[in-house]
Number of protein chains: 2
Amino acid sequence: MRPKNLEKEQAIRTIALDIIAKEGLENLSMQKLAKAANVSPRTIYIKYEDKDDLLIKLFITEVLGAYEAATLKGFDERMDFKTGIKKLWDNGFQYLKNNRTHFALILYGKSSPMLNKAYQRENIQQGQFFAPIHRFIQVNVEAGIIQDLPFDAQRALMFSPLLDLVNEYFDHLNRPVQIITDEVIANCCDAVIKGMMK
Amino acid sequence: MRPKNLEKEQAIRTIALDIIAKEGLENLSMQKLAKAANVSPRTIYIKYEDKDDLLIKLFITEVLGAYEAATLKGFDERMDFKTGIKKLWDNGFQYLKNNRTHFALILYGKSSPMLNKAYQRENIQQGQFFAPIHRFIQVNVEAGIIQDLPFDAQRALMFSPLLDLVNEYFDHLNRPVQIITDEVIANCCDAVIKGMMK
DNA sequence: ATAATAAGTAAATGTTTATTTACTTATTAT
DNA sequence: ATAATAAGTAAATAAACATTTACTTATTAT
């Protein structure tokens, strides 16, 4: 049996992310993707059931999986609160600014109903994404270090500004000065920590 | 000369927003829209140059314009900092939770490269969206009430969590309990204020 | 060596796409 | 009343769409 060519599979994924980041999910077509990845359209259908299957696997496995792993690298839920959040912010910012195409698909994960539903399903069936952060927050609520709010609210307070700041970072990439520096990120992280603590 | 039928124009806009919210921007086609709005495809092209023109006008005028007006209603940049932010959060939350289709397009404004570029262009050519908030922040930085950070960073700290909380609000709409209540929103707003103040 | 088989390709499928053509209708200034 | 005209329609256009058919190729267990 002829084995799958993993380079082709990776090319399909990488170039799909490129097209989504540059032209938008609305403008990704299977034929355009096949041509750009130097592959027959049929080859994509050997590896993915259909277009939705490709997009969901791209989003859940390729992007969110890698983003989660990078964010949690060196993080331990037993860290003290400030240290933990700073680690998560630093990991997240470094990863996203170095993986612009991943970031683009993460944004579509919020806006596209189809990707949003896939994310909810995955979170229910396979266990929560970012489970260590869930426990980290719970521990710190129980220890009386941070305020007691629903987890989804805590997560919004902790990480929404970071994603928006990454957006601003990319908006300034082709301009004379970068406004979103590591120092600005660190200051914003401090503000977030201050807001959450009792 | 036969006058434009404004009801048809409004139907086109409203139903376009419906389709985007339910099926996603990727699944909005001119023919589907025409059929759903009970209009000939040609009629859409009388009112809009092409598909991009329709989407940009929907986003900038119909959605962002209304969102800005609703957010700023009863807000005055001379309010004291806490009162001002609370007003903006309350206005924003009420508006978005009552206008789900507008919210859906606002999310695409962050992810879709075409809408994102249109927003940047508009912000440069026609003057900043949310200019009173810009001045409000500046005044409070100069008075030493809040920390001195780039405007884009301040805005991310102030409003990103709100948009994510609205997302959570809608995610919980069809579930047994609503986790994102007015009280949770108020507590999150307090946390944001606390984080920004010196 | 070769039989078996999944991976791969090029080209075609029928459908849907954005947009236009050719025509009709409703309104208003005369 | 009617000429002038933009708004509106139904149907058509060519291109692009997701997916499949019919075929070839590379690999490996025998």
Side-chain angles (χ1 to χ4, degrees), chain A residues 1-62 105 108 112-115 117-118, chain B residues 1-62 105 108 112-115 117-118:
Chain A
M1 174 181 92
R2 183 174 171 180
K4 283 195 188 187
N5 185 334
L6 291 177
E7 276 171 43
K8 289 194 183 206
E9 182 144 13
Q10 195 50 59
I12 290 167
R13 292 182 178 231
T14 304
I15 287 171
L17 288 171
D18 280 351
I19 293 172
I20 293 167
K22 264 193 209 105
E23 306 177 38
L25 187 57
E26 318 84 279
N27 296 305
L28 175 73
S29 83
M30 297 301 258
Q31 293 184 120
K32 192 191 273 183
L33 171 56
K35 200 165 206 174
N38 212 16
V39 132
S40 162
R42 187 72 182 84
T43 303
I44 305 177
Y45 286 89
I46 291 169
K47 293 154 197 298
Y48 305 97
E49 220 178 282
D50 54 24
K51 194 183 179 185
D52 277 4
D53 184 48
L54 164 65
L55 291 174
I56 290 172
K57 283 183 177 143
L58 258 186
F59 178 47
I60 299 288
T61 311
E62 185 88 355
L105 188 52
Y108 272 109
S112 153
M114 184 243 137
L115 289 179
K117 279 171 203 147
Chain B
M1 172 180 90
R2 183 176 172 179
K4 282 195 190 189
N5 185 334
L6 292 177
E7 278 171 41
K8 289 194 185 206
E9 182 144 12
Q10 195 50 60
I12 290 167
R13 290 182 179 231
T14 303
I15 288 172
L17 288 171
D18 280 350
I19 293 173
I20 292 167
K22 267 194 207 104
E23 306 177 38
L25 187 57
E26 318 84 277
N27 296 304
L28 175 73
S29 83
M30 297 301 258
Q31 294 185 121
K32 192 191 274 185
L33 171 57
K35 200 165 207 174
N38 212 15
V39 133
S40 162
R42 187 71 182 83
T43 303
I44 305 177
Y45 286 89
I46 292 170
K47 293 153 198 299
Y48 305 97
E49 219 177 283
D50 52 24
K51 194 183 179 186
D52 277 4
D53 183 47
L54 164 65
L55 292 174
I56 290 172
K57 282 183 178 145
L58 258 185
F59 178 47
I60 300 288
T61 312
E62 185 88 354
L105 188 52
Y108 273 109
S112 154
M114 184 244 136
L115 289 179
K117 278 171 203 146

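Quick note on labels: first sequence line is chain A, next is B, and so on, each numbered from 1.
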Problem set entry | Minimum heavy-atom distance between A:Ala21 and B:Pro113, given as atom pair plus value | O-CG, 3.7 Å
For this session: Would you kindly give the CE-to-C1' distance between B:Met30 and D:dA11, to the nearest whole Å?
Result: 17 Å
Problem set entry | Between C:dA7 (C1') and A:Glu7 (CD): distance, integer Å | 15 Å
For this session: Take A:Leu105 and A:Glu62 through the side chain to side chain contact (heavy atoms under 4.5 Å, CB included) test and state the conclusion after the steps.
Result: CA-CA 10 Å; A:Leu105 188 52; A:Glu62 185 88 355; over 6 Å; no
Problem set entry | Side chain of B:Arg42 - closest among D:dT19, D:dA10, C:dA10 | D:dA10
Exercise. Separation of B:Asn5 atom CG from C:dT24 atom P, in whole Å?
Worked result: 21 Å
Exercise. Under the side chain to side chain contact (heavy atoms under 4.5 Å, CB included) criterion, do B:Tyr48 and B:Arg13 qualify, and how do the steps go?
Worked result: CA-CA 11 Å; B:Tyr48 305 97; B:Arg13 290 182 179 231; 2.7 Å; yes
Exercise. Can you find a heavy atom in the side chain of B:Thr43 that is under 4.5 Å from one in the side chain of B:Asn5?
Worked result: no
For this session: Report yes if a donor N or O on one partner sits less than 3.5 Å from an acceptor N or O on the other, where the partners are the side chain of B:Thr43 and the base of D:dA7; otherwise report no.
Result: no
For this session: Taking all heavy atoms of A:Ala36 and all of A:Ile15, pick out the closest pair and write down the distance.
Result: O-CD1, 3.3 Å
Exercise. Phosphate oxygens OP1/OP2 of C:dA26: is one of them under 4.0 Å from a side-chain N or O of B:Lys8?
Worked result: no
Exercise. Taking both distances under 3.5 Å as the test for a Watson-Crick or G-U pair, what stems of at least three pairs does DNA chain C have?
Worked result: C:1-30 with D:1-30
Exercise. To the nearest angstrom, how far is A:Tyr45 atom OH from D:dT21 atom C1'?
Worked result: 14 Å
Seminar exercise, completed: From CG of A:Asn27 across to C1' of C:dA18 the rounded distance in Å is 12 Å
Exercise. Hey, does B:Leu6 reach any base, or is it just sugar-phosphate, or nothing, if we go heavy atoms under 4.0 Å?
Worked result: nothing
Problem set entry | Atom-pair distance (CD1 on A:Ile44; P on C:dA7), nearest Å | 15 Å
Problem set entry | Check: B:Met114 and B:Tyr108 side chains under 4.5 Å, non-hydrogen atoms | no
Exercise. Rounding to a whole Å, what distance do you find between A:Lys32:NZ and D:dT19:P?
Worked result: 16 Å
For this session: Please tell me which of the listed nucleotides, D:dT19, D:dG8, C:dA18, lies nearest to the side chain of A:Gln31?
Result: D:dT19
Exercise. Are A:Ser40 and C:dG8 close enough that a side-chain N or O sits under 4.0 Å from OP1 or OP2?
Worked result: no
Problem set entry | Interface residues of residues 46-58 of chain A with DNA chain C (non-hydrogen, below 4.0 angstrom) | A:Ile46, A:Lys47
For this session: Output yes when a side-chain donor or acceptor of A:Lys51 lies under 3.5 Å from a complementary backbone atom of A:Leu28, and no otherwise.
Result: yes
Problem set entry | Pairs satisfying side-chain hydrogen bond (donor to acceptor under 3.5 Å, both in side chains), at least one member in residues 27-37 of chain B, at least two apart | B:Glu23-B:Lys32
Problem set entry | Interatomic distance, B:Glu26 CD vs C:dT16 P [rounded to whole Å] | 18 Å
Exercise. Quick one: does B:Arg42's side chain get under 4.5 Å of B:Ile46's, heavy atoms only?
Worked result: yes
